[in-house]
Amino acid sequence: MIGTIVNVATIIVGSVAGSIFRKGLKDSYQDTLMQAMGLVAAALGINALATYMPESQYPVLFIVSLALGGVIGQKLDLEQRFRNVVAKISKGNLAEGLSTAILLFCLGTMSILGPIESALHGNHTYLYTNAILDGITSIVLASTFGIGIIWSAVVLFCWQGSLYLLANVSSNFITPELLTETSIVGGVLIFCAGLSILGIRNFKTINLIPALLVPVIFIALKSTIGF
């Protein structure tokens, strides 16, 4: 877990530094930073799709995942619930920034592989590298959306901690096949977050989060039933 702790620490430090930096920025510079983060998120999403799509054994699975996940998320109204919680913490557009931070920090390849590699082989390289990237990203996000980005560190700790424990308990279940399919869905979500920040289309990205569970359930059934 030392790698996750380091990763969380860099996000906290980056969020504090970014919020201090933000106080000296004019609105025009904040707008430019927001556009930059939108482009970064969109680029990372496209990169994930370009990397993992050719490796997918089930090219239609991500479509089904997004459709089913979107229906479930809309039924539960996750986006509005998330915004209501964030509104209690801060005013403004923090919900958009925080949702983007959570997607970028938690759904990146190294954030998924890192805790698994740490649990199975004691190798923290992925997490240390991810910590540096997340620290820099949190500075930019906090300088754009404020100190509230620091809450993403809590979500990251729970996310990576869960993957770490899951890898220890059921290492055979976490296969390259599973990582590939979930990474494709994650890439789409990150891309949507980027488009929302750029103002191209306001996606309810949080409502699509349940889509990440569909590949997990599909592959679990496949390995159990053998279809």
Applying a strict under-4.5 Å side-chain criterion to I, L, V, M, F, W and Y, I'd like to know whether F203 and V185 cluster together. no

Rounded to the nearest 0.5 angstrom, the CD-CD1 distance for E181 and I219 is 5.5 Å

S15 side-chain N/O to S138 backbone N/O, donor-acceptor pair under 3.5 Å: no

Atom OG in S111, atom CG in N7: separation rounded to 0.5 Å? 6.0 Å

Evaluate L66 against L189 for side chain to side chain contact (heavy atoms under 4.5 Å, CB included), listing each step before the verdict. CA-CA 9 Å; L66 290 168; L189 298 186; 4.2 Å; yes

Quick one: side-chain hydrogen bond (donor to acceptor under 3.5 Å, both in side chains) pairs with a partner in residues 186-206, sequence neighbours left out? none

Hydrophobic cluster membership, with links at side-chain heavy-atom distances under 4.5 Å among I/L/V/M/F/W/Y: are V16 and L98 in one? yes

In this structure, OG1 of T180 is separated from CG of L61 (nearest 0.5 Å) by 11.0 Å

Heavy-atom pair with the smallest gap, counting every atom of C106 and V155: SG-CG1, 4.1 Å

When you measure from the side chain of T182 to the backbone N and O of L178, does any donor-acceptor pair fall under 3.5 Å? yes

If hydrophobic clusters are built from ILVMFWY residues whose side chains come within less than 4.5 Å, do L198 and V188 share one? no

Working to the nearest 0.5 angstrom, can you tell me the gap between E79 CD and Q74 CD? 9.0 Å

Mind checking ring pair (Phe, Tyr, Trp, His ring centres under 6.0 Å) for Y58 and listing every partner two or more places apart, or none if nothing turns up? F218

Taking only residues two or more places apart in sequence, or in another chain, which ones meet Y128 in a ring pair (Phe, Tyr, Trp, His ring centres under 6.0 Å)? H124

At their closest point, which heavy atom of L141 faces which heavy atom of A101, and how far apart are they? CD1-CB, 3.6 Å

Treat each ILVMFWY residue as a node, draw an edge where side-chain heavy atoms are under 4.5 Å apart, and state whether I63 and I184 are in one component. yes

Output the distance between atom CZ (F105) and atom CG (L133), rounded to the nearest 0.5 Å. 10.0 Å

Just do the side chain to side chain contact (heavy atoms under 4.5 Å, CB included) check on L179 and I116 with the steps written out, would you? CA-CA 11 Å; L179 294 176; I116 295 174; 4.1 Å; yes

A side-chain contact here means heavy atoms from C-beta on lying under 4.5 Å apart; do I102 and W159 qualify? no

Does any part of the side chain of L103, heavy atoms only, come nearer than 4.5 Å to the side chain of I209, both counted from C-beta? yes

For A153, side-chain contact (heavy atoms from CB on, under 4.5 Å) partners two or more places apart: V8, I11, I12

Please step through side chain to side chain contact (heavy atoms under 4.5 Å, CB included) for the pair L127 and V6, ending with a clear verdict. CA-CA 8 Å; L127 288 176; V6 171; over 6 Å; no

Where P210 and I206 come nearest, the two heavy atoms and their spacing: CD-O, 4.0 Å

For R81 and L76, which heavy atoms make the closest approach, and how far apart are they? NE-O, 2.6 Å

Working to the nearest 0.5 angstrom, can you tell me the gap between L212 CG and S183 OG? 9.5 Å

Under 3.5 Å, is there a donor-acceptor pair between the side chain of T10 and the main chain of A131? yes

Are I5 and L165 co-members of a hydrophobic cluster defined by side-chain heavy atoms under 4.5 Å apart? no

Side chain to side chain contact (heavy atoms under 4.5 Å, CB included) between Y164 and T4, worked out: CA-CA 9 Å; Y164 183 90; T4 293; 5.7 Å; no

Members besides V71 in its Ile/Leu/Val/Met/Phe/Trp/Tyr cluster (side-chain heavy atoms under 4.5 Å): none

Check for a donor-acceptor pair, side chain of S56 on one end and backbone N or O of M53 on the other, with a separation under 3.5 Å. no

If you look only at distance, which donor and acceptor atoms sit under 3.5 Å apart when one is on a side chain in residues 32-50 and the other is two or more places apart or in another chain?
residue	atom	partner	partner atom	Å
T32	OG1	S28	O	3.0

Minimum heavy-atom separation for G146 and S19, please, with both atom names. C-CB, 4.4 Å

Is there a donor-acceptor pair under 3.5 Å between the side chain of N207 and the backbone N or O of L78? yes

Heavy-atom pair of closest approach, residues V140 and T144: O-OG1, 2.9 Å

Sub-3.5 Å donor-acceptor pair from the side chain of S118 to the main-chain atoms of P115, do we have one? no

Would you find a donor on one side and an acceptor on the other, under 3.5 Å apart, between the side chain of N84 and the backbone of Q80? yes

